Protein chains: 2
Amino acid sequence: MSSEVSNESVSRQMQSVTIHDVAREAGVSIGTVSKALNGQGKLKSETRERIQEVAARLGFRPNMMAQNLLRGRSYTVGLLTTDSYGRFSIPLMKGIEDALGTAQILVFLCDARDDAQRERQYIETLLSKRVDGIIVTSRRTDPRPAIDVGQTGIPVLYAYTQVKEGNALCILPDDEQGARLAIEHLVEHGRRHIGHIMGPSHFESTQLRQKAVRQVLKEAGLATHEQRFLSGPWQESWGYNATQFLITSDPQVDAIFCGNDQIARGTIDMLRELGRKVPDDIAVIGFDNWEIIAASSRPPLTTVDLDIYHLGQLAGSRLLAMIDGSRETGVIRHPCHLVIRASCGSHDSVPIL
Amino acid sequence: MSSEVSNESVSRQMQSVTIHDVAREAGVSIGTVSKALNGQGKLKSETRERIQEVAARLGFRPNMMAQNLLRGRSYTVGLLTTDSYGRFSIPLMKGIEDALGTAQILVFLCDARDDAQRERQYIETLLSKRVDGIIVTSRRTDPRPAIDVGQTGIPVLYAYTQVKEGNALCILPDDEQGARLAIEHLVEHGRRHIGHIMGPSHFESTQLRQKAVRQVLKEAGLATHEQRFLSGPWQESWGYNATQFLITSDPQVDAIFCGNDQIARGTIDMLRELGRKVPDDIAVIGFDNWEIIAASSRPPLTTVDLDIYHLGQLAGSRLLAMIDGSRETGVIRHPCHLVIRASCGSHDSVPIL
DNA sequence: TTGTACGCGTTATCAG
DNA sequence: CTGATAACGCGTACAA
């Protein structure tokens, strides 16, 4: 480790300036300072201005620990995840932060790393810190056990994860609607033989999407071929291998709906190797709209966007409502939307049927 | 939005149980309760146990707002970024959280979204909340302006970013050493004509790495060909295009060091299209070790790992030291390490020179 | 118009 | 061994 660090241990405990300091300096009482700074009560405007000037000069910042102790709440919320943050966490956090920021609330990061004991420890700490609420999240949307906040009555909300027991509020992406969007898009573009290279079948999202795919096919009057549903890991290599199998065993296939963008990328690579043109011979559609993957595949990938940022925003604002006393339970499915690039043909290339 | 939510506004302000409640229930004074629970002073063990039992039964959790007000610190630190969190932020946050967690400190998320006003607002809030310290981070390692915490004396540390002015502590990955690792690896594997497809030249990391590349080439007694240094965006397509140019204009090239894994991926794709085998004809080495990209390229990518998690851990523990009064300044360059996969030949395929 | 005093929930000190 | 009391920094009735 190349370091050029100079260390100098100093015991400086900089006392922060309090309302007393301001009062003394301005020659008034602390009560007057408080009123002056908070715009309360009736003060001679000369006094008020003088106090404000002094406060500014001294760099006075009210100590929120004291304020909050008085108010009985902390203006913080905990963001708790059991199994680490994943790639959806960043937009989710942004959305949550933005929504909560409007209420002057800050977010605590709590990554329990799939360790029940750590999770318990975090929850205890959050409760001791008297957070105004807790948002529980995850890398998967699958159900997890509810967290226990005892008799505290602290609002808890589940975002991008869910609990089965009890009456909690869970906010999730709408996998069914997203898959529907994808298949309808393909059908509208004249595709009739659609394959579905899925993620692992034990994921709820996989199941929901599969269900939707079957429904849309049925509604469109298309036959459902079982061998066109392939389930495997969320990996590029799975897309690669599954595509080879799918195309060689069923050469009729003219479109493939992939479980995520990585899989789609593997699919596109294999199609190129097989000499099939995308989208002319075969259309490919992904899931997640992971920009970095989807935009740089060749051709760029049309895909379903989970709209995680807004999901986070929604979570944040719902939690605010709960903090204000509303008691909500149930499941909210936030809609996905389609991002059209080139792998299914351009937007206006919809054939006249 | 498909939702099945039941809303029921209730104004329940659950008073949390205080030390007074425990004292009353146990028939002792609050002082005694405090001692019993904190293992202080001398108490009849019967009393102590009874109090602990009562506290547990009532679900008593000490109010940290009160504790911390007394202690004069909050046991929190702010994690501030001006320009949003990027893909390195997650491991960085984990490292920071882990290091700080050992000291019972929680982390506040503050994403100022490249808005100076938001940044100022966050800093004010953090100071008001009396955070024990602030870690400033970024998506780039390039210098940024120092943040102003006034006369507070609150420790500030820059992680994965740096400031030029003043005496701050900055922790950065060691780009030079990382690039050196890469080139030395190539040279050890018998490569003699090494191209360098870089990121944008105005990035400090690009410059540092280029410098190191030239040095190692020199040390190895290899000529430096200017046309083998190509600078462009951090995109896969850049790797793709640059490789075509590089290889057609200089067919001798037998190794390419890429500015990141995405570029390397574009490089590998183009090499495949040009009929050059990796690693037999040409070795490719990436940067960042972005698992999802590097591991699933074909062949899997040998790459330089920035070790961001440990960089975060280091940042966290240094901040702890600063909170304890140490006064450190300077720049720490945390070393990178090599992750060997297949794109440069296997580990034991080092030719006998 | 301004000052005083109490309370928020703890911990620590000092009597008893 | 245990209880009262003074802080911590602030807001706010209420008194002056």
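Worth saying up front: this structure is predicted, and the values here are computed from it rather than measured. Within every chain, numbering begins at 1; the chains are lettered A, B, ... in the order of the sequence lines, protein sequences first and strands thereafter.
An OP1 or OP2 oxygen of D:dT2 is reached within less than 4.0 angstrom by a side-chain nitrogen or oxygen of B:Thr47. Side-chain nitrogen and oxygen atoms of B:Gln67 include at least one within less than 4.0 Å of the OP1 or OP2 phosphate oxygen of C:dT11. Between B:Ser29 and the phosphate of D:dA4, there is no side-chain N or O to OP1/OP2 separation shorter than 4.0 Å. Between B:Asn63 and C:dC8 there is no side-chain N or O to OP1 or OP2 distance below 4.0 Å.
A:Met65 has its CE atom 19 Å from the P atom of D:dA7, to the nearest Å. Look at CZ on A:Arg24: it is 14 Å from C1' on D:dG9, rounded to the nearest Å. With rounding to whole Å, A:Arg71 atom CZ is found 12 Å from D:dC10 atom P. With rounding to whole Å, B:Ile19 atom CD1 is found 12 Å from C:dA12 atom C1'. Taking atom NZ on B:Lys129 and atom P on D:dC10, their separation rounds to 14 Å, with Å as the unit. Going from atom CZ of B:Arg130 over to atom P of D:dG9 covers 9 Å, rounded to whole Å. Atom CG of B:Leu37 is separated from atom C1' of C:dG9 by 13 Å (rounded to the nearest Å). Remark: P of C:dC8 and NE2 of B:His20 are 8 Å apart, rounded to the nearest angstrom.
Counting any heavy atom pair closer than 4.0 Å across all strands shown, B:Arg61 reaches sugar-phosphate atoms only and no base atom. In this structure, A:Ser34 reaches the bases: a heavy-atom distance under 4.0 Å links it to at least one base atom across the strands shown.
With D:dG9, C:dG3, D:dT2 as the candidates, the nucleotide lying closest to the side chain of A:Thr18 is D:dG9. Nearest to the side chain of B:Asn38, among D:dG9, C:dT11, D:dG3, sits C:dT11. The side chain of A:Lys35 approaches C:dG3 more closely than any other nucleotide in the set C:dA5, C:dG3, C:dC8. Checking C:dT11, C:dT1, C:dG7 against every side-chain atom of B:Leu70, the shortest atom distance belongs to C:dT11.
Between the A:Glu165 side chain and the A:Ala146 main chain, a donor and an acceptor come within less than 3.5 Å of each other. At least one donor-acceptor pair under 3.5 Å links the side chain of B:Thr137 to the backbone N or O of B:Ala159. Checked by atom type and distance alone, the side chain of A:Thr125 pairs as donor or acceptor with a backbone atom of A:Gln121 at under 3.5 Å. Remark: the backbone N or O of A:Asp111 is paired with a side-chain donor or acceptor of B:Glu97 at under 3.5 angstrom.
The residue among B:Arg50 and A:Leu69 whose nearest nucleotide of DNA chain D is located toward the 5' end is B:Arg50. Both A:Ile30 and B:Lys44 lie close to DNA chain D; mapped to their nearest nucleotides by heavy-atom distance, the more 5′-ward contact belongs to B:Lys44.
Both the sub-6.0 Å distance and the 45° axial angle are satisfied by A:Arg73 relative to the ring of A:Tyr75.
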